[in-house]
Amino acid sequence: MKTYADINRRIEAGRAVVMTAEEIIGYVEQKGATAAAAEVDVVTTATFGPMCSSGCVLNFGHSKPKIRMTEAWVEDVLVYTGLAAVDVYLGATQLRHNDPANMYYPGEFRYGGGHVIEDLVAGKELQLFALSYGTDEYPLRELRTYFTIQDLNQAIMVNPRNCYQNYNVAVNDSDRVLYTYMGRLDPNRRNANYCSAGQLSPLLNDPLYETIGVGTSVWLAGARGHVYAEGTQHAGACPRTEQDVPRGAAGTLALTGDMKRMRPEFVRGVSLTGYGVSLGLGVGVPIPILNERILKRTCVRDRDIQAPIVDYSSDYPNRSSRVLGYTDYETLKSGEIEIEGKRVVVGSLSSYARAREIAALLADEIRRGEFLLAEPQQRLPVDGRMKPLTIRPPAT
Amino acid sequence: MSTTVTKKLMLFFPRCECEKPIIYHLVKDYDLIVNVFRAKVTPEEEGYLVLDVTGTEANIEQALEFVRTFNVTVNYAGKGVAWDADRCTHCGHCVPHCPTAALHVADRGTMEVAFDEAKCIECLACIKVCPYGACSSAF
C-alpha cells in the first residue's frame, strides 16, 4: 500500500519507478503482481484521437478604445462571445464562415475550429474580427487585428468531453458510402473503423475510476492539465466484463490545461469528409499504483477489451440499441475482424502510435521529477446512465 | 539482350506541347513499355503525367532526351502523390482505402503507418480520407 504523498516524494527524489500501460503487462507477468505493486509507483496511460467536445477560452485584452465583443471570428471561424467583454470561447467543431458544409456532398471541411486551435498552439499569427453594438464604456463597434497566442492574456483549453472510456466499432450496412465522424464507411460492411487506444487508454486502465477523478493531473498535449469534472455523457453504469471493463462507451473526462504550454504535434485540426471539423488531441494520464488491485487493472490487454460493432447507416442515426456483435482490440489491431462470417478490413481514427509516444513522454517527465501526481478531490460516478432526449410537446 | 529496368517518372508538359503524341514515340521509337498511372491537362492547357517506363537503361535515357526536346520537365522521383510524415498522426484511417497497400501499418506492435511510394498507383483515395491532410497531390 502506498499513498499519493509517498509516490510524490519518490518522484521528487527522482526515484519513482514508472512504466507505460503497455510495459507493465509483461513486467507483471514476469515479476508477479504482488512484487510489482510494491515496486512500481506509476503506470502511464495515453490516447490520441479526434475529440470533438474540445475548445478554449481566449482573453484578448483591451483595445484602445475598448470594445465589448458581441460577435467575433478568429480566422473567419465564429467564436462564442456571450461572456465578458474580451473573453471568447472557440469550439473545435465550429465551421469557417461560408464553408459550404455538405451543400456539395460530401463536404471537405478543410478548416474550422480545430484548425484554429492547432494554429494558435503552433504560434501562428491569426486574424481577429469583432463587432459590437457599442456602450458608454465600450464605445468601439468594429475591430480587425492580428495576434499570436503569446499576445493573449490567457488561452485555456476547456474540454467538456475527452477520453471516452471505450467506443463503438462502426460499419455500414447500407449500399452507399457513408461519411461519418467515424470516418469513411464503405457499403455492405466493406470496412470497419474503431477509435480507442485500447490497452493504453486512460479509463480502460482504471475502469471503476479509483484513481482518475476530479482534480487528477493529466498531460494535456504536453501541458500540465487537470480533470475538472466528469465529462459530458459520462455514464458509469454500463455492461462490463468480469474484470469491470466497460463493453461500450461508459466514462468520459472533462479536461482543462494551459494552451501556451502545449506542443503543436499533439493538437491537430481534423477534417472529416462529409462530417465536419474536429480536434485531434493527445492526452496522458498517470495512474498511481496505490495497491495491487489498482496495478492489476492497469495490466488490461487489448484482447480483454471488447467493443460493440454498430451499424452507422440505420441503427446509429435512429438510436436503435442494436449491436451486431462484439470484437476486441487485439483483433481490431490485426487489421481484420469477422462479422457474421464475413471478413472485414479495419481502420482506425485513434492513433495507437501517438498514444505510445505520449505514455513514454509522460513516464519520462515523471521519472525526471517534473510531473507530480494530484489526488482527486472527488470520485467520478460509477452509477448513472446516459439520458436520451425526448422530442415532446410542452408539459403544460 | 540487355536487362530492362522500370522507372517511375512524372512529366510536366508546358502549354504548347499537350497536343503532341509524345508517349506514342516512347513505345514506337524507343521500345518502352509504358504504364500510365495518372494524366491531367489543366485549364491552362499544361499537362501532368505520372507513368512507369520499362526498357533498357540506354533506351530510357534516349527517350527522355527526346522528351526533353519538347521542353518537358522530367521528374525522376515520380511523385504525384506525397505523404508528409510530419503531418501523419498514424491513425490508420487511410489503410483500408488504399487499394495497393502503399499506405500500410508497418508494425502491428507500434501501429505506425508507412508509405511505400513504389506501390502507389495515384488513385488519390488517401487525399479524401486523411483527416490530417498528410497526403497531397502535385496536380
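Sequence lines set the chain letters: A, B, ... in the order given, protein chains first and strands last, and positions in each chain run from 1. Every heavy atom of this structure was used, including side-chain atoms; hydrogens, water molecules and symmetry mates were not. These figures come from a predicted structure and were not determined experimentally.
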NZ/A:Lys342: more than 12 non-hydrogen atoms of other groups inside 6.0 Å: yes

Proximal component of A:Ser350, with respect to chain B [non-hydrogen, under 4.5 Å]: backbone

The interface call for B:Cys98 against chain A, heavy-atom contacts under 4.5 Å, is neither

For the residue pair A:Val270 and B:Tyr132, what are the closest heavy atoms and their distance? CG2-CE2, 3.5 Å

So for A:Leu349, is it side chain, backbone, both, or neither that comes closer than 4.5 Å to the heavy atoms of chain B? both

Atom OG1 of A:Thr273 and atom NE2 of B:His93: how far apart are they, to the nearest 0.5 Å? 8.0 Å

Do other residues, nucleotides or ligands put more than 12 heavy atoms under 6.0 Å from the OH atom of B:Tyr24? no

For A:Tyr352, is it the side chain, the backbone, both or neither that has a heavy atom under 4.5 Å from a heavy atom of chain B? both

Between the main-chain N or O of B:Thr110 and the side-chain N or O of A:Arg356, is there a donor-acceptor pair closer than 3.5 Å? no

Verify salt bridge (charged side-chain N to carboxylate O under 4.0 Å, His left out) between A:Glu118 and B:Arg87, making sure each step is shown before the conclusion. CA-CA 12 Å; A:Glu118 172 180 338; B:Arg87 290 205 66 77; 3.5 Å; yes

Which region of B:Cys94, side chain (C-beta onward) or backbone (N, CA, C, O), has a non-hydrogen atom less than 4.5 Å from a non-hydrogen atom of chain A, or is it both or neither? neither

Tell me, for A:Ser334 versus chain B, whether the close heavy atoms (under 4.5 Å) come from the side chain, the backbone, both or neither. backbone

Non-hydrogen atoms of B:His90 and A:Ala353 that approach each other most closely: CB-CB, 3.7 Å

Relative to chain B, which segment of A:Pro106 carries a heavy atom at a distance below 4.5 Å: side chain, backbone, both, or neither? side chain

Mind ranking B:Glu112, B:Lys128, B:His97 by heavy-atom pairs under 4.5 Å with chain A and telling me who comes out on top? B:His97

B:Arg68 atom CZ: more than 12 heavy-atom contacts under 6.0 Å: yes

The interface call for B:Asp86 against chain A, heavy-atom contacts under 4.5 Å, is backbone

Chain A contacts, top residue of B:Val129, B:Val113, B:Thr89 (heavy-atom pairs, under 4.5 Å): B:Thr89

Below 4.5 Å from any heavy atom of chain B, which atoms of A:Arg184 appear? Answer side chain, backbone, both or neither. both

Could you tell me which portion of A:Glu108 (side chain, backbone, both or neither) has an atom closer than 4.5 angstrom to a non-hydrogen atom of chain B? neither

Select, from B:Gly92, B:Pro96, B:Cys91, B:Cys130, the one with the greatest count of heavy-atom pairs under 4.5 Å involving chain A. B:Cys91

Can you tell me which portion of A:Val277 sits under 4.5 Å from chain B's heavy atoms? Options are side chain, backbone, both or neither. neither

